[in-house]
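Okay, structure first, notes after.
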Amino acid sequence: MRTLQYLASRSIDGLLISVSSATKDLTHLKALHQFGFPIVFFDRIIEDIATHKVMVDNFQGAYNATMHLLQQGYRHIACITNSAHLSITRERVAGYMAALEKHGIQPQPALIKYCFHGGMLLPEVTDAVNQLIKLKHKPDAIFATSDKLTTGCMRALKKAKVAIPKEMALTGFSNSDLIELLHAPITVVRQPAFEMGQVATELLLQLIESKRPVKEFETRVLHSELLIPSK
């Protein structure tokens, strides 16, 4: 909040915003928007602020990732996800659940772990992983719904001496090539980060350069790609 107030006071022309997993108070963002300040949301968006938004098809990406695990023979699949109040969390969990239901598997609340800080705090992810592997009927795979959660799960499983994928499969989301460099190449939903930033910037420039107040806004939904490592 203080950062936004500072930026606004420095006479900047507009803001590109991807809200953090821990963001719950939207008062400051709504105030800036009502004042007419140009704002475009990308990736983690705010649904009830009317402006341009750029996002990936979260439901389909999560559905494809979970279906991949199911097609590999895994049936007891857990989900480690972001804060429950975020739109991307709801959409990705919905995709995960839809894939399970497609295979006649009833989603189990005990297998869905919400991380309020979205993977920014490793102990939070470690705790979620440890809760899962201590279950009487522990999962045979984990679907992690963000970049930080994916790398956090890898570190937590390594610390617990659980081999990927021999003892526990892992599929996640990624915005970078970092996953490919880690010790256990895994299948990831690759988000078009460059394209997302480019489109969001173009839409923000349109807002800034408009001669009249903009009242019609776009929500651009970009496609993700499922990257399966070669064996």
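The structure presented is a predicted model; accordingly, all values stated were derived computationally and were not measured. Here, residue 1 is the first one in the sequence, and each next residue gets the next number.
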How about T145 and I80: do any of their side-chain heavy atoms sit closer than 4.5 Å? no
If we only count heavy atoms from C-beta on, is the I186 to T171 side-chain gap below 4.5 Å? no
Mind checking whether Y114 and T89 have side chains closer than 4.5 Å, heavy atoms only? yes
Under the 3.5 angstrom rule, does the side chain of S210 hit a backbone N or O of Q206 as a donor-acceptor pair? no
Where does the angle between the aromatic ring planes of H137 and H76 fall among parallel (under 30°), tilted (30 to 60°) and perpendicular (over 60°)? parallel
Among pairs that include at least one residue of residues 44-62, which meet salt bridge (charged side-chain N to carboxylate O under 4.0 Å, His left out), considering only residues two or more places apart or in two chains? K30-D48, E47-R90
Determine whether L207 and F217 make a side-chain contact, defined as any pair of heavy atoms from C-beta on separated by less than 4.5 Å. yes
Identified side chain to side chain contact (heavy atoms under 4.5 Å, CB included) counterpart of L111 within the set L132, I77, I142: L132
Could you walk me through whether Y96 and T81 pass the side-chain contact (heavy atoms from CB on, under 4.5 Å) check? CA-CA 11 Å; Y96 154 80; T81 189; over 6 Å; no
If you draw the axis of the six-membered ring of F173, does the NZ or CZ of R92 fall within 45° of it and under 6.0 Å from the ring centre? yes
Side chain to side chain contact (heavy atoms under 4.5 Å, CB included) with F41: of I49, L16, T219, only one passes, and it is I49
Answer yes or no: is there a side-chain heavy-atom contact under 4.5 Å between K102 and Y63? yes
